[in-house]
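So you know, we letter chains A, B, ... as the sequences are listed, proteins then strands, and number each from 1.
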There are 2 protein chains.
Amino acid sequence: MSNKKGNLTLKDLAKIVGVSPATASLALADDPRVSAKTKEMVEEAARRLNYVPNEIGRSLRAKRAETIALIFPNTPHNAFSHPYFVELLEGVTEVLVQKGFHLLVSTAPTEQNEQAAYDKIMRNRRADGIILWPASINDSNISRIVESGFPVVYLGKWHHNDVITVERDDYGGAYLATEHLLQAGRRRIAHITGPMEFQVSIDRLDGYRKALEDYKVLYDPSLVVTADYTMESGVAAVHELIGRGIPFDGLFSSNDRMAIGAMKALGAAGISIPDEVAIVGCDNIEMASMTVPALTTIHQSLRTIGTVAATKIIDLLSGQEVGDKQTIIPAELIVRESSRVN
Amino acid sequence: MSNKKGNLTLKDLAKIVGVSPATASLALADDPRVSAKTKEMVEEAARRLNYVPNEIGRSLRAKRAETIALIFPNTPHNAFSHPYFVELLEGVTEVLVQKGFHLLVSTAPTEQNEQAAYDKIMRNRRADGIILWPASINDSNISRIVESGFPVVYLGKWHHNDVITVERDDYGGAYLATEHLLQAGRRRIAHITGPMEFQVSIDRLDGYRKALEDYKVLYDPSLVVTADYTMESGVAAVHELIGRGIPFDGLFSSNDRMAIGAMKALGAAGISIPDEVAIVGCDNIEMASMTVPALTTIHQSLRTIGTVAATKIIDLLSGQEVGDKQTIIPAELIVRESSRVN
DNA sequence: CTTCGCATTTAAATCGATTTAATTAACACA
DNA sequence: TGTGTTAATTAAATCGATTTAAATGCGAAG
């Protein structure tokens, strides 16, 4: 615990053992040129004195920081994705810790600061690679990073397939959800979608349509209503649907919050769930298991995305084979009461 | 964007301008010894060539990493606190970014790895200071860090008051919640508490008791039931209370999940909320605003805790006055339908 | 024409670890 | 005893920026 003035340095350690710093360094690296006896002496002293190498010095020499930066733009736009962030973080750290890497978390408070902040991270050598958590499509700052050639793993879809990406399967999840309703015998399935600025909205709408098509159910635009991913907008969406006077016996919502709003509105209208309308949401937020009836939903393992992304960026840095450049983590259907066939 | 082989170094910059590295360094640091003309030349070139200093080199020389580590033990125990972690992260990064600091997020996958992981962070000079997010009381690893003398801000209560701490006011929040019920005229107020291993359970129970005392209401142990912070345990707790046959007109739960479970159980038992039993939870989880009726609760600003903690650790490092060593962030009552006086 | 003082500039050391190239030691063999 | 070979060790350079101490240039004063 000698935290008096400075830490024990390699030079100190070498002097104590009675060898040169070069020998001490080689000994700790288990270099074959160092004799077994010397190695043992150095290792013993290092253990005894609790020698911990100064990684700043090491990084300077090695030109590597053994650090990955996880960047997420801190804009209001991506606020709705926060609940999953911790899960992602867990997956990423799990791998990094195991590989001896550090994690630098970076976020820019304002849009105008973003560019400078990202630029700095790429050029100041604090991190060797970046995992990018995108806010939305069309983000010029993200384009700059991805196209700069700096080692990057992008969490989402990117328009050049030489970029390494790891993404959720929003399309496949929506397909699963819709198929589940179809298999339960529902044929008039409504869909609450989100704003089309978000790729997720587009993908889930597409998955919904594809399932209908595969089951030979005609796509009816009047069964689709747009909302904004809040619970309140889910309530409004159901009012809109009911107002249109078109009957429906199933409902797939582009997220759980809107699905919960929809359940409230249906309940208030005296429509029973799942008997009259079966409901499936998306995201598997904690609340989904606690509603009455509990909400059937689509789960995406952000944890898996984190572990895969971290593994890929490290493989990329160490020159190993990265495998598939594009990875899609499959979605999973979680069946609960809101769609249970009685 | 010259990312060809290596980055532009200070030496390169100096050569281009036609001065020595020393002059270039002093010029960029705006040292009075450098002439205005030279300064202008160096600055112009730095801007034009997009020179970004290598922070590893700078750190080595300065013996400072300009980095704060945020450490949270990744044990199952603290899983229930996850939803707030992102909020804390936001608060911390807001301050760090503004002060030009970096954030290293560290977590240890297993208990046995913890000690080594923390030791490393303290000794390898990757971070200058630590913000500690504790899992539970009685954690020997945390003790080691706090007592090592390494600059630390501890997020919670610590038994030596020379340690800098920032904490939520669990006691005050519970007092607020109970007082709110008392002011609504309730006198038989039940309490669902959590396991006594957690300081939060103890503090909230104490706040509840103090409010009762101040309002001259006798504390009745048979109105208190222990659960484990899950929704299911909240359901069970109400069954237990009803089973005891002791009437109650108010209920304060040590967290929102149990409160929501309690609401479910009361609803199932045909007891109306808030007319027959008014309910207050704790934590203001997202779900609390979405239940029917919406849940009155206590909000603790983790964001504020983050900003205060970050400010204090930086002040501590820069040798500035840190102010109060112990800071308690006040809790806030959020009144919703579950306790609304009709 | 020196010499002193002041304003600028720069050479060199430093931070801590790694690695290359050079040196020393040790031993076998002629 | 001298020489060649291998094994083990170490001196020195390096990474990039900062900072101290030394050097330089220039004009003014004697």
Side-chain angles (χ1 to χ4, degrees), chain A residues 2 5-43 45-46 49-67 100 120 122-128, chain B residues 2 5-43 45-46 49-67 100 120 122-128:
Chain A
S2 67
K5 32 194 85 138
N7 272 339
L8 185 76
T9 173
L10 181 67
K11 211 199 286 184
D12 301 339
L13 182 70
K15 185 178 292 178
I16 289 168
V17 178
V19 296
S20 72
T23 304
S25 176
L26 292 173
L28 292 174
D30 201 26
D31 191 287
R33 284 173 292 173
V34 178
S35 70
K37 183 157 56 73
T38 306
K39 262 181 202 168
E40 178 49 41
M41 285 169 59
V42 173
E43 280 162 3
L49 303 169
N50 194 17
Y51 166 71
V52 177
N54 179 319
E55 292 197 18
I56 299 288
R58 193 206 291 259
S59 291
L60 180 61
R61 172 70 220 226
K63 286 168 157 283
R64 281 180 294 105
E66 305 273 88
T67 300
K120 261 192 87 173
M122 288 193 289
R123 324 268 329 279
N124 70 8
R125 313 303 321 170
R126 265 254 144 71
D128 307 319
Chain B
S2 66
K5 31 194 87 139
N7 271 338
L8 185 76
T9 174
L10 181 66
K11 211 198 287 185
D12 302 338
L13 182 69
K15 183 178 292 178
I16 289 168
V17 177
V19 296
S20 72
T23 303
S25 176
L26 293 174
L28 291 174
D30 201 24
D31 190 287
R33 284 173 293 174
V34 178
S35 71
K37 183 157 56 74
T38 306
K39 262 180 201 167
E40 178 49 40
M41 284 169 59
V42 173
E43 280 162 3
L49 303 169
N50 194 17
Y51 167 71
V52 178
N54 179 318
E55 293 197 17
I56 301 288
R58 195 208 290 263
S59 291
L60 179 60
R61 171 71 219 228
K63 286 168 155 285
R64 282 180 292 109
E66 306 271 87
T67 299
K120 262 192 85 175
M122 289 193 288
R123 324 263 335 276
N124 70 10
R125 313 304 320 171
R126 262 257 147 68
D128 307 319

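- The nearest whole Å value for the distance from the CZ atom in B:Arg64 to the P atom in D:dG16 is 20 Å.
- A:Thr38 comes within 4.0 angstrom of sugar-phosphate atoms only, judged by non-hydrogen atoms across all strands, and of no base.
- At whole-Å resolution of the value, CG in A:Asn54 and C1' in C:dC15 are 8 Å apart.
- To the nearest 0.5 Å, atoms CD1 (B:Ile56) and CZ (A:Arg64) are separated by 11.5 Å.
- Remark: C1' of C:dT14 and CG of A:Leu60 are 12 Å apart, rounded to the nearest angstrom.
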Restricting both atoms to N or O, compile the protein contacts to nucleotides 18-22 of chain C shorter than 3.5 Å, with distance only.
{"unit_1": "C:dT18", "atom_1": "OP1", "unit_2": "A:Arg58", "atom_2": "NH1", "d": "3.0"}
{"unit_1": "C:dT18", "atom_1": "OP2", "unit_2": "A:Ser25", "atom_2": "OG", "d": "3.1"}
{"unit_1": "C:dT18", "atom_1": "O2", "unit_2": "A:Arg61", "atom_2": "NH1", "d": "2.5"}

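- In this structure, A:Lys63 atom NZ and D:dA17 atom C1' are separated by 13 Å, rounded to whole Å.
- At least one side-chain nitrogen or oxygen of B:Thr9 sits closer than 4.0 Å to the OP1 or OP2 atom of D:dA17.
- Taking atom NZ of residue A:Lys37 and atom P of nucleotide C:dA25, one finds them 14 Å apart after rounding to whole Å.
- Within the structure, every side-chain polar atom (N or O) of A:Ser59 is placed at least 4.0 Å from both OP1 and OP2 of C:dA17.
- Between B:Asn7 atom CG and D:dG16 atom C1' the separation is 11 Å, expressed in whole Å.
- When each of A:Asn54, A:Asn50, A:Leu49 is tested with A:Val52 by the rule side chain to side chain contact (heavy atoms under 4.5 Å, CB included), just one qualifies, namely A:Asn50.
- The only member of B:Leu13, B:Leu26, B:Thr38, B:Val34 that meets side chain to side chain contact (heavy atoms under 4.5 Å, CB included) when paired with B:Val19 is B:Thr38.
- Taking OG1 of B:Thr23 as the reference point, atom CZ of B:Arg33 lies at 9.5 Å (rounded to 0.5 Å).
- Computed from coordinates, the A:Asp31 CG to D:dT10 C1' distance equals 13 Å when rounded to whole Å.
- Atom CD1 of A:Ile56 and atom C1' of D:dA17 are 13 Å apart (whole Å).
- For the pair A:Lys39 (side chain) and A:Asp31 (backbone), a donor-acceptor distance under 3.5 Å is present.
- Looking at every heavy atom in both residues, B:Leu10 comes nearest to B:Pro21 through CD2-O, 3.8 Å.
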**Message:** Walk me through whether B:Ser59 and B:Arg125 qualify under side-chain contact (heavy atoms from CB on, under 4.5 Å).
**Reply:** CA-CA 9 Å; B:Ser59 291; B:Arg125 313 304 320 171; over 6 Å; no
